[in-house]
**Student:** 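The structure is given below, and queries will be raised subsequently.
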There are 2 protein chains.
Amino acid sequence: MDKSSPLQLPTSNSGTTGRTRKASVPGKKIIRDLGLKVTTQRLDILEVVRSGPNHFTAQDVFETVVKRSPDIGFATVYRFLRTLTDASFVTEIRMGGMPARYEWAAKDHHDHLTCNSCGKIVEFENEEIERLQEKVALRFGFLLTSHVLELYGVCPECRQKKVSQADAENSR
Amino acid sequence: MDKSSPLQLPTSNSGTTGRTRKASVPGKKIIRDLGLKVTTQRLDILEVVRSGPNHFTAQDVFETVVKRSPDIGFATVYRFLRTLTDASFVTEIRMGGMPARYEWAAKDHHDHLTCNSCGKIVEFENEEIERLQEKVALRFGFLLTSHVLELYGVCPECRQKKVSQADAENSR
DNA sequence: CAATACATGAGAATGGATTTCATTTTCAAT
DNA sequence: ATTGAAAATGAAATCCATTCTCATGTATTG
Ligand SMILES: [Zn+2]
Ligand SMILES: [Zn+2]
Ligand SMILES: [Zn+2]
Ligand SMILES: [Zn+2]
């Protein structure tokens, strides 16, 4: 499985005047609303989490933030990601023995379709599957609180690659 | 979450004559068919895996086997469970940060509905969800190879308990 | 039985995640 | 601005499931 897209830490838009434009929902507000103290570390983490690509690992976040603030520690990243997860600002996915992956949860609910050979992740949502899940839970008298649906397969590109390989071998 | 049902290691049916009755599909055959050497450890593990309750952890298996053969090691259990998993004799489920759970895979495919508060696991299969998964994969050009569907909720018993608690608190 | 390839157990190593704790930082009350 | 209590931090220690290492043991084959 390939290494994939590195995260981008957007350089903060320090205008010529030294003024700073407000982001749509200021990180400060999010942190305050959680009843936490506002620190540069938390702001940095939030910025990466909100603006970088989805499905990042704690390591990804750490490596991105450390470029700007070299003194940040793993612990802080893990701690704050945990907090954000508990507060449902972030969704945590732990599959197999892999490191946990996170994503900003503001977007609509969705599940994942992952390529076994290149690691590409496609998001999808299927109203009908969701409804059937509710139905299943209900049938057993359960109150459904959450679910994990992860599909695994081979993406079109990787399927193509495999066909090419096979062709090459046949013409040898 | 409670500790749950301990595994049972069936005492082997050593007849008065010293003869041993054959199990439906002898463990020996399974091991030989895998191209592996037949050892008491592997036989012990197989017996537990096949006759104990489902959804066991490697630790469960170890603890059960160790009673009979005190010299078995973790490594052997993990190694053989891995082998059985690779050979699709056993299904491995790794969710959250919890230890992996295994189950003998001879039974039909199914997914799981787990109680968040007591840990009870209900198995279900839903033809329609399975079909929809295929459809989703296809829509993105993926060849579907596997999937993980785990539902989480609160089981009927635990829901009842919560109601009782609430009542008690109200009448205080 | 001997030869050999394979399997084993003990313990060390791994790696992600969490905890600990001494130090630093935030921020509300002065 | 100053202060102090509470909260947050980073470094390192620790946790814990799992895997690896390797010296020793054992199953299998002829
Ligand atoms: Zn791919
Ligand atoms: Zn996603
Ligand atoms: Zn329950
Ligand atoms: Zn099951």
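Quick note on labels: first sequence line is chain A, next is B, and so on, each numbered from 1.
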**Student:** Between atom CZ in A:F74 and atom P in C:dT20, what is the gap in whole Å?
**Tutor:** 20 Å

**Student:** Should B:R82 be listed as having a side-chain N or O under 4.0 Å from OP1 or OP2 of D:dT19?
**Tutor:** yes

**Student:** Distance check needed: C:dG9 C1' versus B:F80 CZ, whole Å only.
**Tutor:** 17 Å

**Student:** Please report the distance, rounded to the nearest Å, between CG in B:D44 and P in C:dA7.
**Tutor:** 16 Å

**Student:** If the plane angle is over 60° it's perpendicular, under 30° parallel, otherwise tilted; pick one for B:H109 and B:H147.
**Tutor:** perpendicular

**Student:** Measure the acute angle between the ring planes of A:H55 and A:H112, then classify it against the limits of 30° and 60° as parallel, tilted or perpendicular.
**Tutor:** perpendicular

**Student:** Check whether any side-chain N or O of B:T57 sits under 4.0 Å from OP1 or OP2 of D:dA17, and answer yes or no.
**Tutor:** no

**Student:** If you take atom types as modelled and just measure distance, does the side chain of B:R79 reach the base of C:dG9 with a donor-acceptor pair under 3.5 Å?
**Tutor:** yes

**Student:** Does a nitrogen or oxygen in the side chain of A:R42 sit under 4.0 Å from OP1 or OP2 of D:dT9?
**Tutor:** yes

**Student:** Please state how far atom CE in B:M95 lies from atom P in C:dG16, giving the value in whole angstrom units.
**Tutor:** 19 Å

**Student:** Choose from C:dA17, C:dT19, D:dT18 the nucleotide whose nearest atom is closest to any side-chain atom of A:R94.
**Tutor:** C:dA17

**Student:** With a 4.5 Å limit on heavy-atom distance, are the side chains of B:V90 and B:W104 in contact?
**Tutor:** yes

**Student:** Check the pair B:R139, B:E134 against side-chain contact (heavy atoms from CB on, under 4.5 Å), reporting the backbone distance first and the verdict last.
**Tutor:** CA-CA 9 Å; B:R139 182 186 318 145; B:E134 286 285 354; over 6 Å; no

**Student:** If you assign each of A:G35 and B:P99 to its closest nucleotide in DNA chain D, which residue comes earlier from the 5' end?
**Tutor:** A:G35

**Student:** What's the closest nucleotide to the side chain of B:K37 if the choices are C:dC6, C:dG16, D:dT18?
**Tutor:** C:dC6

**Student:** Nearest whole angstrom, please: distance from the P of C:dT25 to the CD1 of A:I72.
**Tutor:** 14 Å

**Student:** Any side-chain N or O of B:Q59 under 4.0 Å from OP1/OP2 of D:dA17?
**Tutor:** no

**Student:** Under a 4.0 Å N-O cut-off, is there an ion pair linking B:E92 with B:R101?
**Tutor:** no

**Student:** Report yes if at least one side-chain N or O of A:Y78 is closer than 4.0 Å to OP1 or OP2 of C:dA17; otherwise report no.
**Tutor:** yes

**Student:** Using only side-chain N and O atoms of B:T39, determine if any of them is under 4.0 Å from OP1 or OP2 of C:dC6.
**Tutor:** no

